[in-house]
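First up is the structure itself, then whatever we jot down about it.
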There are 2 protein chains.
Amino acid sequence: MSQETQEATSSCLKRTHYCGDLRLTDAGTTAQINGWVKRRRDHGGVIFVDLRDRTGITQVVFDPQIDEKAHALADAVRSEYVLNVSGTVRERDPGELLFQAGEIELAVDSLNILNTAKTPPFPVEDDIEVAEDIRMRYRFIDLRRPEMQKTLAMRHKAALAARNYMNEQGFLEIETPILMNSTPEGARDVLVPSRHYPGRFYALPQSPQQFKQILMMSGVDKYFQIARCFRDEDTRSDRQLEFTQLDIEMSFAGVDDVLEVTEGLMKRIFEEAGDIPVQTPFLRLPYHESMARFGNDKPDTRFGMELTDLSDVMADCDFQVCGQVKAIAAPGGANFSRKDIDDLTQFVATYRAKGLAWVKVTTEGFASGIVKFFTTEQLETAQERTGAKPGDIMFFVADKPKVVADALGNLRLHLGKKLNLIDETQYNFLWIVDYPLFEWNEDENRYEPFHHLFTGGTEETLPLLDTDPGKVQSQHYDLVCNGYEICSGSVRIHQWDIQQKVFEVLGITPEEVESRFGYFIDALAYGTPPHAGVAPGLDRIVMLMRNEENIREVIAFPKSQQGLCPLTHAPSVVTDTQLEELSIRVDAEL
Amino acid sequence: MSQETQEATSSCLKRTHYCGDLRLTDAGTTAQINGWVKRRRDHGGVIFVDLRDRTGITQVVFDPQIDEKAHALADAVRSEYVLNVSGTVRERDPGELLFQAGEIELAVDSLNILNTAKTPPFPVEDDIEVAEDIRMRYRFIDLRRPEMQKTLAMRHKAALAARNYMNEQGFLEIETPILMNSTPEGARDVLVPSRHYPGRFYALPQSPQQFKQILMMSGVDKYFQIARCFRDEDTRSDRQLEFTQLDIEMSFAGVDDVLEVTEGLMKRIFEEAGDIPVQTPFLRLPYHESMARFGNDKPDTRFGMELTDLSDVMADCDFQVCGQVKAIAAPGGANFSRKDIDDLTQFVATYRAKGLAWVKVTTEGFASGIVKFFTTEQLETAQERTGAKPGDIMFFVADKPKVVADALGNLRLHLGKKLNLIDETQYNFLWIVDYPLFEWNEDENRYEPFHHLFTGGTEETLPLLDTDPGKVQSQHYDLVCNGYEICSGSVRIHQWDIQQKVFEVLGITPEEVESRFGYFIDALAYGTPPHAGVAPGLDRIVMLMRNEENIREVIAFPKSQQGLCPLTHAPSVVTDTQLEELSIRVDAEL
């Protein structure tokens with residue numbers, strides 16, 4: 001039938017070993033392996049092939065002295081051909097170890113060429129310089145690379161570890177619908193036209209938030225799901241149209257219960273899938289403290305250089321522009337050049353800081369253009385509070401608190417990387433807690449939920465709903481690791497009357513409530529238990545374990561930032577019949 | 001804040017036991033439990049409440065002699081209120097066991113009413129007569145029923161057992177995209193308009209068929225995924241818009257390898273999640289034999305009554321109408337009334353049989369209106385072949401083979417149920433194998449794939465592709481249990497040139513190939529290993545284990561046959577802005 005290749009009969013498919021399994025202790029035994037040709041070379045009349053499978057590489061040797069037929073066949077073999085070989089495992093000539101790792105090789109006495117291959121667009125090797133769009137278009141070649149196989153295997157292990165842990169903790173995995181109802185809030189919904197109900201649409205879940213709460217109302221007690229979620233957001237490098245979260249909800253649970261389960265889950269995943277030790281319990285940092293010390297609520301705590309408030313001592317100096325003055329001290333920064341400092345000034349300008357003052361600390365004292373604006377006492381206080389030592393540099397930003405936090409918080413991260421202050425092997429988990437329930441929207445002169453509408457308040461502060469809603473503290477929590485938010489969660493509102501009060505504070509009318517959340521609010525009244533939940537992002541967890549900054553590296557078939565699948569070319573044009581059946585038209589102006 | 005109910009402080013949420021966990025051995029100890037009020041009754045000044053959680057029911061007793069405050073509070077308690085109670089476990093008065101199961105009860109000394117509840121639309125009990133649409137609209141009440149909780153737990157266990165088994169077998173679970181490309185074939189695609197690419201659409205996967213094969217080309221070697229799939233088919237009671245399959249694909253594998261893995265998977269799921277013993281290996285029945293003996297390729301083999309061919313002996317009698325005469329013998333059917341037989345005649349008429357001949361076997365001989373058309377010898381042969389005994393009835397259908405198979409195959413199933421021949425505790429797994437690769441479409445005068453375009457043929461028959469395609473045997477297999485198809489699968493075509501020949505046989509032009517499967521066919525040429533796969537349906541498996549005939553009973557939030565979610569009312573109308581962003585319009589004629 002096929003001239004070049006051999007049919008895949010059962011006998012020639014059976015492997016005795018994966019390539020990566022063969023060891024020196026196997027020397028002298030026979031083995032049969034399958035794999036792809038990574039490299040083929042002819043050396044003194046003997047053909048050497050590096051054969052690769054998902055576990056590793058074995059050198060296979062075609063020696064005419066051993067098998068003339070196999071040697072002759074091997075002559076036609078090229079990169080990425082698929083082979084089945086059997087032969088004898090033998091120790092390799094130590095001299096050869098110079099150009100290829102591995103202690104053993106397979107001396108082949110039988111070869112089946114299972115398939116040929118066109119020349120691949122790039123070699124199947126790690127550390128290659130190939131444009132991402134080429135890699136993605138030939139993802140089936142790209143995924144053959146050992147590093148990609150490692151990522152796929154780690155993601156599999158992470159999900160399985162999560163599932164077994166959650167099961168042991170008494171959680172049931174329950175599938176919630178992918179085709180659900182559109183709720184016009186949060187991010188943009190991905191919509192799906194209905195064929196049976198012309199003019200009506202499903203939405204793909206941004207998260208199974210409503211269903212997970214409904215499951216608590218359903219008496220499920222402990223629910224989890226590794227759930228696909230969808231958000232049609234505008235371009236951001238770390239977002240995909242679809243992503244995966246470990247969705248968790250439990251009844252009769254407060255903050256401590258959820259945090260404990262989540263900590264155990266992280267420990268299990270990182271240790272089992274990533275071989276990364278995790279200490280629990282995690283530190284809990286109040287939101288306001290995180291903002292004050294790090295300028296954001298997802299601090300990278302692998303290094304210091306914390307923000308130091310100097311508003312009290314510098315409040316009456318000329319340098320002071322607005323409400324707040326803060327500083328950080330960069331170790332060894334005293335040798336920054338004029339250009340270095342100009343670059344950093346430009347950097348903070350992108351966060352709307354109008355300037356970046358600096359003072360170098362030397363053994364001879366303070367050195368800076370702005371020294372004259374401060375008393376020595378002020379500078380000494382700054383040095384003391386920032387912990388700057390001779391050889392360091394102090395940076396100051398004075399502005400509205402939000403700008404100070406943004407500018408110095410990001411400068412801190414920037415310098416942390418630039419000055420190599422970050423231990424890449426460290427994983428610093430911490431919880432951010434004690435968020436406010438509402439924030440005041442100054443433009444629209446009204447309260448908005450700080451997180452979402454169903455977040456509960458603390459028992460102590462809930463009575464303030466009536467009198468001073470801005471002071472109500474929520475029962476929301478974020479888990480942060482190395483500067484990334486891994487998950488968000490909260491104790492939910494389970495009482496119908498409190499949910500109504502929250503709507504009132506937010507100025508949502510009963511009519512709006514009915515049209516936006518009708519069935520859900522109705523369900524609340526039928527015996528909803530207290531409940532709380534959380535939803536760690538699986539993509540982010542794998543990124544952290546793999547030290548990847550690009551989410552596309554941890555997804556088998558990612559889409560481009562515009563939502564294009566470079567492999568399959570989705571989305572695509574469909575037929576008129578398909579559109580007619582759905583009672584929709586593509587806008588004529590196109 | 002909330003007047004009637006208590007805030008959910010951590011202390012009052014902690015349970016020491018689930019309701020179902022309390023045992024007689026706990027008598028004398030204190031316990032704290034949470035749950036829903038199933039029933040409340042006042043008996044001689046003492047209030048008894050049956051408290052329910054997902055594990056079971058505990059009777060809790062509010063006796064003013066024990067705690068006056070708790071007793072007073074309990075007076076307000078109604079059905080489906082959410083309670084937290086603590087007290088002392090004690091043995092129940094044996095006299096009470098008459099009206100309620102359970103050996104112990106909880107004498108309450110502290111009650112927290114965690115939430116109130118409106119009167120539920122139906123009681124939370126199994127074996128209730130409630131219309132399905134009411135159950136679905138109040139799914140959060142419906143799911144509280146013990147039988148539904150059992151189903152959810154079993155589904156969770158089945159998925160987990162599957163995942164752990166597949167992991168142990170070396171398979172990696174890999175998530176494939178939900179937003180993928182539309183391929184106009186198979187069932188109808190569910191389409192998703194793209195915002196970034198106006199006029200273009202994603203499709204939700206009917207199955208991850210292309211991606212699972214691409215993963216084999218990617219060197220993943222063994223892939224699985226519990227995958228959500230979507231088909232926009234017209235109403236069928238056992239189909240949902242979205243469903244779940246255990247998607248499996250493996251490289252360097254033939255039929256035996258896949259069947260072995262699948263058998264182990266079924267054994268693991270049924271035994272671990274369903275407590276149902278499974279014997280492996282499963283019987284393999286050739287397609288043609290299944291059609292001949294059972295009239296279909298998903299036979300229920302829990303009972304006999306097989307179809308018997310009598311064409312050879314009855315070919316020249318007057319009764320003979322067309323090519324084939326077949327019979328089945330129904331045990332005990334000799335006492336069927338005229339009306340019974342008329343009903344059965346009508347039954348087979350729905351399968352286009354023009355008549356149903358019958359002969360009763362009695363101790364006095366054969367009795368029937370058609371006896372005169374046959375010789376005694378013919379009837380004796382029929383009796384011998386069908387195995388009919390005195391007291392039985394033989395039914396005959398003569399027609400085109402397809403009609404005979406349909407009519408008698410369905411009559412067999414119908415009588416199997418009617419005559420109680422089926423042992424409901426039995427699970428008869430078997431493989432149907434040796435399907436043809438193509439079938440001839442008489443109307444269009446061309447070959448069609450018997451299953452799908454990428455199914456491979458057997459090594460022995462592949463050369464017939466060039467000369468007699470109808471004779472090529474495929475490497476497709478179906479797994480059947482108790483009359484239901486559980487999964488389909490096949491060894492795939494891995495060679496580019498053979499795939500081209502299949503396209504040629506089917507009359508698909510190179511241009512069509514390019515537009516319909518372009519990237520996939522291209523990928524085939526870059527070193528595709530031999531591979532094979534299968535995809536058991538999770539919904540069907542849970543239905544079998546739970547003895548359910550309605551798929552909606554095994555899905556937490558199913559949709560109606562028209563795709564409506566009775567709980568959330570999806571699909572719904574969306575805003576004009578949302579449609580504008582997607583560059584689509586709802587057809588104006590609506």
Side-chain angles (χ1 to χ4, degrees), chain A residues 1-2 7-8 10 13 34 54 80 82 115 117-118 140 143-144 156 160 167 172-174 177-178 180-182 192 194 196-202 214 217-219 221 228 252 254 459 462 495 497 523 525-530 556-557 562-563 568 570-572 574 583-587 590, chain B residues 1-2 7-8 10 13 34 54 80 82 115 117-118 140 143-144 156 160 167 172-174 177-178 180-182 192 194 196-202 214 217-219 221 228 252 254 459 462 495 497 523 525-530 556-557 562-563 568 570-572 574 583-587 590:
Chain A
M1 189 73 241
S2 189
E7 269 317 297
S10 293
L13 298 174
N34 300 316
R54 82 177 192 200
E80 300 308 315
V82 186
N115 215 343
K118 296 209 296 201
F140 48 93
L143 288 177
R144 291 179 196 167
H156 158 72
L160 192 68
N167 176 61
L172 300 184
E173 183 160 27
I174 296 174
I178 293 286
M180 51 177 282
N181 53 329
S182 176
V192 179
S194 157
H196 270 288
Y197 298 93
R200 288 164 70 176
F201 292 78
Y202 302 98
I214 289 283
M217 302 171 195
S218 304
D221 199 67
R228 204 73 64 86
F252 307 107
E459 194 187 6
L462 256 192
Q495 289 150 305
D497 52 349
Y526 283 94
T528 300
F557 302 105
Q562 286 73 39
T568 66
S572 60
V574 297
S583 306
I584 60 171
R585 292 179 190 183
V586 171
D587 199 313
L590 288 179
Chain B
M1 192 68 240
S2 190
E7 268 319 299
S10 294
L13 297 175
N34 301 315
R54 82 176 191 200
E80 301 308 314
V82 186
N115 215 343
K118 296 208 295 201
F140 48 93
L143 288 177
R144 291 179 198 167
H156 158 73
L160 192 69
N167 177 63
L172 300 183
E173 183 161 26
I174 295 174
I178 294 285
M180 53 176 282
N181 55 328
S182 177
V192 179
S194 158
H196 270 288
Y197 298 92
R200 288 163 70 176
F201 292 77
Y202 303 98
I214 288 284
M217 302 172 194
S218 304
D221 199 66
R228 204 72 66 86
F252 306 108
E459 194 187 7
L462 258 190
Q495 289 150 307
D497 51 349
Y526 283 95
T528 299
F557 302 105
Q562 285 73 40
T568 67
S572 60
V574 298
S583 307
I584 59 170
R585 292 180 190 181
V586 170
D587 199 310
L590 288 180

Using a 4.5 angstrom heavy-atom cutoff, name the option from [options] with the most pairs to chain B.
options                               : answer
A/Glu80, A/Lys118, A/His156, A/Glu173 : A/His156
A/Leu143, A/Asp221, A/Val82, A/Val574 : A/Asp221
A/Ile214, A/Val192, A/Asn181          : A/Asn181
A/Asn167, A/Ile584, A/Ile178          : A/Ile178
A/Ala525, A/Ser218, A/Pro529          : A/Ser218

Is it the side chain or the backbone of [X] that comes within 4.5 Å of chain A heavy atoms, both, or neither?
X        : value
B/Ile174 : side chain
B/Arg228 : side chain
B/Tyr197 : side chain

### Message
Which heavy atom of A/Tyr202 sits nearest to which heavy atom of B/Pro571, and what is that distance?
### Response
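Taking A/Tyr202 first and B/Pro571 second, the nearest heavy atoms are CE2-CD, 3.5 Å.
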#### Entry: Contact winner vs chain A - B/Ala556, B/Ala117, B/Ala570, B/Gly527, heavy-atom pairs under 4.5 Å
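Of the options given, most contacts go to B/Gly527.
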#### Entry: Which portion of A/Leu160 sits near chain B, non-hydrogen atoms under 4.5 angstrom
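Side chain only.
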### Message
Please classify the contact of A/Met217 with chain B as side chain, backbone, both or neither, using a heavy-atom distance under 4.5 Å.
### Response
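Both parts, heavy atoms under 4.5 Å.
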### Task
Indicate yes or no for a side-chain donor-acceptor contact from A/Arg144 to the backbone of B/Gly219 under 3.5 Å, with no hydrogens or angles considered.
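Not at all, since once roles are kept as given, no pair shorter than 3.5 Å links the two residues.
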### Task
Could you check B/Thr528 against A/Phe140 for side-chain contact (heavy atoms from CB on, under 4.5 Å), going step by step and ending with a plain yes or no?
CA-CA 10 Å; B/Thr528 299; A/Phe140 48 93; over 6 Å; no
#### Entry: Derivation and outcome, side-chain contact (heavy atoms from CB on, under 4.5 Å), residues B/Phe201 and A/Val586
CA-CA 10 Å; B/Phe201 292 77; A/Val586 171; 4.0 Å; yes
